[in-house]
Amino acid sequence: MDDLVDLVRRSLSEAAAEEFAARVDEQAQRLRRDVAAGEYDTDDFAVGLEVEVYGVDAGGGDGEGREEGGRDDSGRLTDLPESVFAGSLAGELGVHNAEINTDPDVFDQAGLESQAEAFRRRVAEGRDAAAAEGRDLALDAMWTIPPAEGSEAYLSAVEDESGVVVAENMHRDARYVALDNDTLRHAGGEIAFSVPGADHAFPTILFESLATSVQPHLQIPTAERFPAYYNAAIRTLGPVLALTANSPFLPPDLYNRVDDPRGLLSETHRELRIAAFEQSVNTSANPKVRVPDDLETAADVVDHVVADDTFAPFLREWVDEDPDGVQGRHWEFDHKRGTYWRWLRCVIGGDPVDGAGDERSLRIEYRPVPTQPTVDDVAAVQALVAGLLRGLVARDHPLADLPWNAAERSFYAAAREGLDANLDWVTVDGERTSDRETVYDELFDLARAGLDEAGLSGDRADDLLRPLERRWAARTTPAAWKIERVREYLDDGLDLTEAIHEMQRDYFDLSREDGVFADWL
């Protein structure tokens, strides 16, 4: 603990901030020059995937051992022991969080199939490791069955180590702890969180770990064309989020101002993850989590990171990591980019992809999508996002002509209202529309066009997109399913806590089965 506290103090010092800023500026100058010169151009498109999950108590999670009336302690949030991270899983902010990453592949039919298989295998390996410890991994966007001590106590438990706040249920990573302390400093010592039915103030950013996400990556071959893909992607954030919404409920013990449970079902956001992430770290004058600005050139992504508020700077020599190659040449810049939490961002550099380039690359990290119920749903989201972005540019679709502020409005409307949101779009003929039939007809058509560009057969593209098209045909999402399930349990006489917990256990049971969310309907 002493080493951790010392490292956090060094990170928060004025001397560290000055040295960090100098290194970032120097590295940024080199990156601007190299990106503009085509040094980060690659041979082909590539795809990758990050998926966050959380740990739950496996006892009774298969439906056995429930008490009369359907209630037991199964599915409670729990920490994930170190043995779970011995394989391909990585730790995340909370001790209950884990991240599953796939190695990137060329964006073609074989590459997408490789991505899906790698993700399926790593989920299975993670679940086997968790099962050995009496736990399971939940493919879900927000936990709602709290640990035994309750959600507020769990998220608020902190120790003061000689003036450094250490959240008890946060991974003991100095960068997380430094980030927490810097965010708290900007907030004046506590961080407010307010959504329909709940108002809280937390002494740590840990409430961000309520939520988990799916983050598809798309490598763009040329810096010259990168802005076209990036700016078009901003205009897709609302429709894609509306279709994938999956976090309408907090843990019910966090609701402290609900007079009418059924009223909450109407008022709650379909995607509470957006509010949880934004409110947990947007404590400085310039919000760090938001819809990003448009780009004029690929080099603009460097300037945007440099201009972003610096939180918890670290110097390369302080940590055990010793990356070589391109990552080592701009380590401090990449550290700062790691706290540039826009809902869409560019990653400069990365892993080499056989047939698509070396570690010098530019890729879009698509960040607003919540974790989906099943492995096949995640594969569908990856195919939709990659195909959609590629199809928009390949067809020279005018969606990028949609004003930026309209795209931003659509995004937050989707977070609040899901598929009922009023979404802004520009049609293939260049006309503004909010007609959802038109929006989703074009969205799926463009995704097919992008998959066709990548060499996928029509049948394979249909297979990949069908799970999401079935959602649209049914006009429902995992969030809507959760709300309706809770409504049914309320009608059966359960109180709000019982109804949310029973819904969550139903979700766990169904998500462990083969198939996709649309099969639940």
Side-chain angles (χ1 to χ4, degrees), residues 48-65 72-105 113-149 154 167-173 175-176 206 208-217 246 320-321 351 370-379 381-382 504-517:
L49 192 62
E50 300 177 36
V51 183
E52 297 167 341
V53 297
Y54 62 83
V56 296
D57 187 329
D62 59 359
E64 297 179 359
D72 69 359
D73 287 338
S74 66
R76 284 194 178 277
L77 188 78
T78 187
D79 67 308
L80 292 171
E82 286 303 313
S83 58
V84 174
F85 302 104
S88 58
L89 273 67
E92 253 292 340
L93 181 66
V95 295
H96 54 277
N97 292 134
E99 184 175 271
I100 302 171
N101 299 303
T102 62
D103 297 323
D105 288 289
E113 290 174 353
S114 174
Q115 289 283 300
E117 178 54 35
F119 179 60
R120 183 182 302 278
R121 183 175 64 252
R122 290 176 181 181
V123 169
E125 291 170 352
R127 279 185 159 157
D128 286 345
E133 303 284 353
R135 294 161 169 83
D136 196 4
L137 301 180
L139 269 70
D140 189 23
M142 183 168 285
W143 52 272
T144 59
I145 305 180
E149 65 265 40
Y154 180 85
E168 293 181 9
N169 296 304
M170 182 181 291
H171 271 118
R172 289 295 196 269
D173 184 310
R175 284 170 286 187
Y176 289 146
L206 190 63
E208 188 268 321
S209 70
L210 281 163
T212 54
S213 67
V214 173
Q215 298 173 23
H217 289 225
N246 191 23
D320 293 334
E321 300 170 5
D351 297 325
T371 297
Q372 298 296 290
T374 72
V375 170
D376 287 341
D377 285 315
V378 171
V381 165
Q382 184 179 32
Q504 190 69 73
R505 294 187 183 103
D506 291 343
Y507 178 102
F508 289 155
D509 291 346
L510 290 165
S511 68
R512 293 185 185 96
E513 298 177 0
D514 291 335
V516 295
F517 161 74

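None of the values given here were measured: they were computed from a predicted structure.
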Could you list the residues that satisfy ring-ring contact (aromatic ring centres under 6.0 Å, His included) with H217, not counting sequence neighbours? none
Heavy-atom closest pair, residues [X] and [Y]:
| X | Y | value |
| --- | --- | --- |
| A118 | T102 | CB-CG2, 4.2 Å |
| A138 | F508 | CB-CE2, 3.7 Å |
| M142 | A211 | CE-CB, 4.0 Å |
| P370 | V214 | O-CG2, 3.7 Å |
| N246 | Y507 | ND2-OH, 3.2 Å |

Could you give the distance from [atom1] ([X]) to [atom2] ([Y]), rounded to the nearest 0.5 Å?
| X | Y | atom1 | atom2 | answer |
| --- | --- | --- | --- | --- |
| F119 | I100 | CZ | CD1 | 5.0 Å |
| D57 | R76 | CG | CZ | 8.5 Å |
| S83 | L89 | OG | CG | 11.0 Å |
| N101 | Q215 | CG | CD | 9.0 Å |
| E99 | S88 | CD | OG | 11.0 Å |
| Q382 | L49 | CD | CG | 4.5 Å |

By the definition side-chain hydrogen bond (donor to acceptor under 3.5 Å, both in side chains), identify the one residue from T212, N97, D140, T78 that meets it with Y54. D140
Report the C-alpha separation of S209 and E92 in whole Å, then their side-chain angles, then the decisive distance to 0.1 Å, and conclude whether the side-chain contact (heavy atoms from CB on, under 4.5 Å) test is met. CA-CA 9 Å; S209 70; E92 253 292 340; over 6 Å; no
Quick note, side-chain hydrogen bond (donor to acceptor under 3.5 Å, both in side chains) partners involving residues 118-127, not counting sequence neighbours, are D103-R122, R120-D376, R127-D136
Can you list everything that forms a side chain to side chain donor-acceptor pair (under 3.5 Å) with S511? Sequence neighbours excluded, please. none
Side-chain heavy-atom pair V56, W143 within 4.5 angstrom cut-off: no
I want to check something: taking the side chain as every heavy atom from C-beta on, are P216 and V381 in contact at a cut-off of under 4.5 Å? yes
Under 3.5 Å, side chain of R505 to main-chain N/O of G75, donor-acceptor pair present? no
So, using salt bridge (Lys or Arg N to Asp or Glu O under 4.0 Å) as the criterion, who are the partners of D79 when residues are at least two apart? R135
Qualifying residues under salt bridge (Lys or Arg N to Asp or Glu O under 4.0 Å), relative to E168, sequence neighbours excluded: none
Would Q372 and L139 satisfy side-chain contact (heavy atoms from CB on, under 4.5 Å), going step by step from the backbone distance to the final call? CA-CA 6 Å; Q372 298 296 290; L139 269 70; over 6 Å; no
State which residue, out of L93, V95, L77, fulfils the side chain to side chain contact (heavy atoms under 4.5 Å, CB included) condition with N169. V95
Under the rule for side-chain contact (heavy atoms from CB on, under 4.5 Å), what residues qualify as partners of D173, not counting sequence neighbours? R175, Y176
Test item: side-chain donor near acceptor, E52 and T371, under 3.5 Å: no
